[in-house]
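Read through the structure below, which is laid out as structure tokens, and then see the notes.
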Amino acid sequence: MSFKTGRYKGRIGIMAAMPEELQALLDVMPDEAVECVAGREFWVGHLHGREVVAVLSRIGKVAAATTTTVLLSHYGVDQIIFTGVAGGLGDGVRVGDVVVADALVQHDMDASPLFPRFELPGLGVSALSPPAAFTATVRDTVAQVLSPGALTSGGALGDVHLAPLNLGLPKVHQGLVISGDQFINAAQTCRDLTQALPTALAVEMEGAAVAQVCHDFGVPYAVIRTISDRADDDAHIDFPRFVSAVARHYSLAIVEALLQRV
Ligand code: SAH
């Protein structure tokens, strides 16, 4: 069945960027069993009636590309959902917000002068996009999961305490996510990146690699990033606290909802 004509029933690959996120997912998968391929642990099981293969992406573009390739060629998944955290770049993209990628660029790809800066040699483009209909479903689902009702006490995510972290209710953004093999934690680097890629909403280290592999295999994918820091000089301070208090809860709730929608 095509993602355009209805709901997939096939195997779905879930890639988490952090052990905390993966563990939260495994805790709710009743029959998960681990298999080791390419030095990675793949957890195969079921959740909400779907066949799921869950795996830690590992950090960086090559690691994520290898993990994605195994999910596609060894496990034959026909959709991939990636969840993790990212640094916020765009104006109005705050810590605690969630960005759903509708385009992804490798910000450290530069084969100039042979090819324009950022262009993927051989592909003739710099940005890759998941299918628009798939992205729209993902964005709507994320918006529903993070609605004010769900986040107030009594709601599904009512136990996520935003106030102690000085966070407001999260906004869901859709747009360009950029990836590179660099943890960005300097305001000047952010300025350089946004000057070169003005529409970028978030920066991270894996999404565009996942996109390129899924593009080659012709498989729909979603990259969903909770903003953990502003990629500025305080990025390393905000990061660990945020992951355990907020991001892993969002991520599990989002994945569970998507398993029932996509
Ligand atoms: N503390 C982690 C390291 C995380 S590296 C550890 O010890 O394992 C940062 C991860 O979060 C990467 O997977 C990247 O995709 C994402 N990320 C979050 N903020 C980022 C930023 N400012 N720049 C680049 N990647 C960021």
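Read the numbers this way: they start at 1 and go in the same order the structure lists the ligands and their atoms.
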- [ ] Please answer whether the main-chain N or O of F118 pairs with a side-chain N or O of D110 as donor and acceptor at a distance below 3.5 Å.
- [x] no
Open item on the list: Under 4.0 Å from atom 7 (O) of ligand 1, is there at least one protein heavy atom?
Closed with: no
Task: ligand 1 contact by S228, heavy-atom criterion under 4.0 angstrom - done: yes
Open item on the list: Looking only at protein heavy atoms, which one is nearest to atom 17 (N) of ligand 1, and what is the separation?
Closed with: V85 O, 3.7 Å
Open item on the list: Heavy atoms only, cut-off 4.0 Å: how does I59 contact ligand 1, side chain, backbone, both, or neither?
Closed with: side chain
Task: Short N-O contact, D140 and R261, less than 4.0 angstrom - done: no
TODO: Check whether any side-chain heavy atom of L201 sits under 4.5 Å from a side-chain heavy atom of V177, and report yes or no.
DONE: no
Task: atom 1 (N) of ligand 1 [closest protein heavy-atom partner, distance rounded to 0.1 Å] - done: F239 CE2, 3.3 Å
- [ ] Measure from atom 13 (O) of ligand 1 to every heavy atom in E206, E204, M18 and give the option owning the shortest one.
- [x] E206
Open item on the list: Please list, in number order, the atoms of ligand 1 under 4.0 Å from a heavy atom of A231.
Closed with: 22 (N)
TODO: Distance to 0.1 Å, residue and atom name: give those for the protein heavy atom nearest to atom 18 (C) of ligand 1.
DONE: A86 CA, 3.6 Å
Open item on the list: Any carboxylate oxygen within less than 4.0 angstrom of a Lys/Arg side-chain nitrogen, looking at R225 and E206?
Closed with: yes
TODO: State which residue, out of V223, L22, I80, V53, fulfils the side chain to side chain contact (heavy atoms under 4.5 Å, CB included) condition with M15.
DONE: I80
TODO: Would you mind listing which atoms of ligand 1 come within a distance below 4.0 Å of any non-hydrogen atom of I184?
DONE: 21 (C), 22 (N), 23 (N), 24 (C)
- [ ] For this output row, return yes or no: ring centroids of F82 and Y221 closer than 6.0 angstrom.
- [x] no
- [ ] Measure the shortest side-chain to side-chain distance between L157 and Y250 over non-hydrogen atoms and say whether it is less than 4.5 angstrom.
- [x] yes
Task: D229 heavy atom under 4.0 Å from ligand 1 - done: yes
Open item on the list: Between D78 and I12 (side chain of the first, backbone of the second, donor and acceptor by atom type, cut-off under 3.5 Å), is there such a pair?
Closed with: no
Open item on the list: Please determine whether a side-chain nitrogen of the Lys or Arg among E21 and R248 lies less than 4.0 Å from a carboxylate oxygen of the Asp or Glu.
Closed with: no
Open item on the list: In this structure, would V95 and I254 fall into the same cluster of hydrophobic residues linked by side-chain contacts under 4.5 Å?
Closed with: yes
TODO: Considering the heavy atoms of M205, write down every atom of ligand 1 situated less than 4.0 Å from one of them.
DONE: 12 (C), 14 (C), 15 (O), 24 (C), 25 (N)
- [ ] For R225, counting its heavy atoms only, list the atoms of ligand 1 lying under 4.0 Å from any of them.
- [x] 15 (O)
- [ ] Tell me which protein heavy atom sits closest to atom 9 (C) of ligand 1, plus the residue, atom name and distance to 0.1 Å.
- [x] F183 CD1, 3.6 Å
Task: Test item, R230 contacting ligand 1 (heavy atom, 4.0 angstrom) - done: no
Task: Nearest protein heavy atom with distance in Å, relative to atom 24 (C) of ligand 1 - done: Q182 O, 3.4 Å
